[in-house]
Amino acid sequence: MKFKKQTLLVFAGMALASFNAFAQTSLWPEVKTVTRPWTRWWWMGNAVDEKNIAALLETYKQAGIGGVEIAPIYGAKGFEKRYLQYLSPEWMQQLNVTVQKAGSLGMGVDLTTGTGWPFGGPQITPEFAASKIIVQQYKAEGGKTFAEKIVVKDPKASYTKFQSLTGYSDKGETILLTDKVDQDGTLKWIPKSGKWDLYATFSGRTRQMVKRAAPGGEGFTLNHFSRPALNAYLSRFDQAFAGKSPGVRSFYNDSYEVYNADWSDDFYNEFQRRRGYDLRLYIRDLVSKDSTSKLIARLKSDYRETMGEMLMDNFTKPWTDWAHKYNSVSKNQAHGSPGNLLDLYAAVDIPECETFGSSYFPIPGLRRDSADIRNVDPDPVMLKFASSAGHVAGHNLISSETFTWLTEHFKTSLSQCKPEVEQVFLSGVNHVFYHGTTYSPEDIKWPGWLFYASVNMVPANSFWSHVPGLNSYITRVQSVLQTGKSDNEILIYWPVFDVWNNPKGMDMPLKVHDIDHWLHPTPFYKNVTGLQKAGYSLDFISDNLLKRSTVAGGSISTSLNSAPYKVLIVPKAEIVPVETLEKILQLANNGATVIMQDIPQDVPGLSNLDANRKRLRELLGKFNFSEAGQGVKEMKTGTGVILLSADIQKALETKGIKGEQLTSSGLKFLRRQAGNEKYYYLVNHTEKAIDQVIPLNVSASSVVILDPQTGKAGKAKSSIKDGTTQVRVQLQSGEAWILKTSPSDQGVLDWLYLDNPAAPIAINGTWNLKFTNGGPALPSEKKLKTLVSWTELQDSAAISYSGTADYSITFNMPKGEAKEYELDLGKVAESAHVWVNGQDAGIIWGIPFKARIGQYLKPGKKNTIRIEVANLMANRIRDMDKKGIQWRNYNEINFVNINYLSFNAANWKPQTSGLIGPVTITPFR
């Protein structure tokens, strides 16, 4: 049984219309296309057509989705005749249809510049494919002819280029022998004496193919360090576009997942030009397994710095310029790249981070199954690399690939999505992309086509009629977080050279899954988390981004469009470039406040090492500190100051820079500045309700509460004390508020705080249960005196059912005087939509499952409540797998579970489903 599309559209339309009506008031910022959540749109096999594109876009729009990000991938087996070849005229026609239809609906379209990931395809010949260094060792002796050929021995290495031969003698001599090697590999050189180790290097190919490629997108992965390779890659798009813009908002690049690509044909020349010395003379050290050598650590630091610069200059920047040529912008996930993540994120128009896996939140009732936990939890500090780069570079939009492998397939609830996306927002993201939505034609049986690593934000999902609740919440929050500018007072320097100065490994891609190695153990990370806990707002800055910074009025400006910062913090760093230290001194001389946790000990790399060390000593000689008390030392220079303290927070206090004390309550926050108004986004991820007066670091005559869960608003109880604004907040565990502060009255009625609760009124009696929309079959209607899971109804149809069901009951509401009544649904598996006396009381889709319903109730009379509950897809999928029904049959990876093993739900336990309760109504007097 398919879900009834018309029913879904009605419910979704009602929720969206309700939100739009509220959003038009002056209290909330304007709702735009980009303030709604977008979704990655998997085009499986490119088996798309005009009719289904139009119908699906309309369905997405009605649910509150603002745009799609087209990502072509492998297809479903048996539908090969529907496949379109990527970038063919037929494919381009469907892209044009999508852009035009989306435009008519007020939606946006982004396009991945490729299929699957990473970039690559048939236009990437071996010459332009991802490259690796191949090093072969030989032995030579004085007076003896060397008979062996200097050629690649690996028979699988089909495309290689000989690059150099370096000889190392037992007497410490090092010579280059490259010009002594003929084209056939013959070495025309005989050492006069001694024993020699010869190191031959070749530029080889990784032979990595595009993962999850769509038809017409198969081929080698691109060499991201080669500008000619990028030009060859993009030429195919130029030909398909025929010089005309395809009308997409942005071109997109997924996370850097290019494996073992540690070289490029021109790497030696690039290294010489950028670092100033010949890497060929150090090839033995570069490939050494010595994990303790300081020289090797320095060499590899130079190597990694060069690789990052080549990635920036030969891929990131020219790809962004290419996007601009087509009146579009670039959107890039830099994580996983072998380079400075902050620089790479900042170089594009929309930096994008990624959440992978699930986080722990102590919210009562929030489910987190042990089987869903990945090796590394999503870390907000990792997410802040993208948002920091965006803020520092002055980009307004910071996006996130959201909910990748949040849970096992078919077990994700909307309530689990809420704190995860809130953590993304708190990290500075303001443009959410779901991961994701699979294009599935109307004639495909339930569950339709699905992607293997997705939350399955698709119309076939049993919670789809409640998705407008989540989408409206995200839209309200993003409308605020895209307003004005980020309001962070601290810049904190990221010492990337401490990370790069490591003798182990080669290219060192900075991956999400490896943060336990390159991020968590560092003083930088400990300072960031400690400062945030103390209520400070901060952004990270790199050496290169710091070079562009200026000072005005004592504040540090990093770009024309960025907000100013009050202070620069330099955490303990062993290695700092002299240029960076010179810039720090210059900023302080010009009036900035700089806090250093320690004095750097050295400079990075081998390049110009002696001169750089000499200059470092000269610079450090200018640091003359005097005691300032509390373990803080001070050096005044020019019109600014440099503080030296192991305790960064004490140093901040000496300069009167205070964190938001509201964090002592357990609340998390994010702040935005819009003109003379500030927005505080507050989230309660603690296990307890918070009802107290909190201080805000602003003097505001008026504070308005904006409830992003419901769209309601009201004037908060507030007062000004010692330059701070004292505001009463009342947040249940799992709830969020937005506080809008203003120096003038905002003209709104008082917020109704829920005080003086009376005893909860239990809604007892006989509940009528009717299954409404789902499958595989509709269970029979039930009358329940006790609310239980559908799986306990002694009905096999109910055990395997996924979909929606209506609970209705009529009851006598006692008389009484109350300012408000709160409905508490108790336990809900997994989301609900409530009507009270025939009036829509809203979608209740997250914890706590509560809603204010006073305006709909009739005290002293009979009242009727109808509650539509949706469960998850899991029970129906379980039933299909138990019966051996084929529903997954895809090319390439087919369909895997969260551990990337073959998926089978036959042995799952049935998921608790339905309204469990108890259902109560609490009067507040």
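Keep in mind that what you see is a predicted model, and the values were worked out from it rather than measured.
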Participant: Applying salt bridge (Lys or Arg N to Asp or Glu O under 4.0 Å), which residue pairs with at least one partner in residues 221-244 are found, sequence neighbours left out?
Facilitator: Asp238-Lys325

Participant: Got a sec, which residues hit side-chain contact (heavy atoms from CB on, under 4.5 Å) with Asp179, two or more places apart in sequence or on another chain?
Facilitator: none

Participant: Angle between ring planes, His224 versus Tyr256, binned at 30° and 60°: parallel, tilted or perpendicular?
Facilitator: perpendicular

Participant: Hey, would you say the Phe895 and Tyr452 ring centroids sit under 6.0 Å apart?
Facilitator: no

Participant: Assign the ring pair Trp189 / Trp196 to parallel, tilted or perpendicular, where the plane angle (0 to 90°) is split at 30° and 60°.
Facilitator: perpendicular

Participant: For Gly216, is there any backbone N or O sitting under 3.5 Å from a side-chain donor or acceptor partner on Glu218?
Facilitator: yes

Participant: Give the minimum heavy-atom separation between Leu581 and Pro600, together with the two atoms involved.
Facilitator: CD1-CG, 4.3 Å

Participant: Under 4.0 Å between a Lys/Arg side-chain N and an Asp/Glu carboxylate O for Lys547 and Glu579?
Facilitator: no

Participant: Quick one: side-chain contact (heavy atoms from CB on, under 4.5 Å) partners of Val210, sequence neighbours excluded?
Facilitator: Thr115, Ala213

Participant: Main chain of Gly247, side chain of Ser245: is a donor-acceptor contact present, judged purely on distance under 3.5 Å?
Facilitator: yes

Participant: Are Tyr138 and Phe146 near enough that their ring centres are under 6.0 Å apart?
Facilitator: yes

Participant: Dump the intermediate steps for ring pair (Phe, Tyr, Trp, His ring centres under 6.0 Å) on Tyr303 and Trp500, then the final yes or no.
Facilitator: CA-CA 9 Å; Tyr303 162 75; Trp500 283 340; over 10 Å; no

Participant: Can you tell which of Phe451, Phe356, Trp41 makes a ring pair (Phe, Tyr, Trp, His ring centres under 6.0 Å) with His435?
Facilitator: Phe451

Participant: Are any of the side-chain nitrogens in Glu305 or Arg275 under 4.0 Å away from the carboxylate oxygens of its partner?
Facilitator: yes

Participant: Quiz question: by atom type and distance under 3.5 Å, do the side chains of Ser255 and Glu257 form a donor-acceptor pair?
Facilitator: yes

Participant: Give me each pair satisfying side chain to side chain donor-acceptor pair (under 3.5 Å) with a member in residues 503-512, each pair once, sequence neighbours excluded.
Facilitator: none

Participant: Give a yes or no on whether the backbone of Arg280 and the side-chain of Thr166 come within a donor-acceptor separation of less than 3.5 Å.
Facilitator: yes

Participant: Show which side-chain atoms of residues 345-354 pair as donor or acceptor with protein atoms under 3.5 Å away, not counting sequence neighbours.
Facilitator:
residue : atom : partner : partner atom : Å
Tyr345  : OH   : His335  : N            : 3.4
Tyr345  : OH   : His335  : ND1          : 2.9
Asp349  : OD1  : His324  : NE2          : 3.3
Asp349  : OD2  : His324  : NE2          : 2.7
Asp349  : OD2  : Ser330  : N            : 2.9
Asp349  : OD2  : Ser330  : OG           : 3.3
Glu352  : OE1  : Lys331  : NZ           : 3.4
Glu352  : OE1  : Ser399  : OG           : 2.6
Glu352  : OE2  : Tyr252  : OH           : 3.4
Glu352  : OE2  : Gln333  : NE2          : 2.8
Glu354  : OE1  : His335  : NE2          : 2.8

Participant: Sequence neighbours excluded, which residues qualify as salt bridge (charged side-chain N to carboxylate O under 4.0 Å, His left out) partners of Asp313?
Facilitator: Arg274

Participant: How about Tyr326 and Phe237: are their ring centroids closer than 6.0 Å?
Facilitator: no

Participant: Can you see whether Tyr74 has Arg212 sitting over its ring - NZ or CZ less than 6.0 Å from the centre and within 45° of the normal?
Facilitator: no

Participant: Using ring centroids (six-membered ring only for Trp), state whether Phe225 and Phe267 fall under 6.0 Å.
Facilitator: no

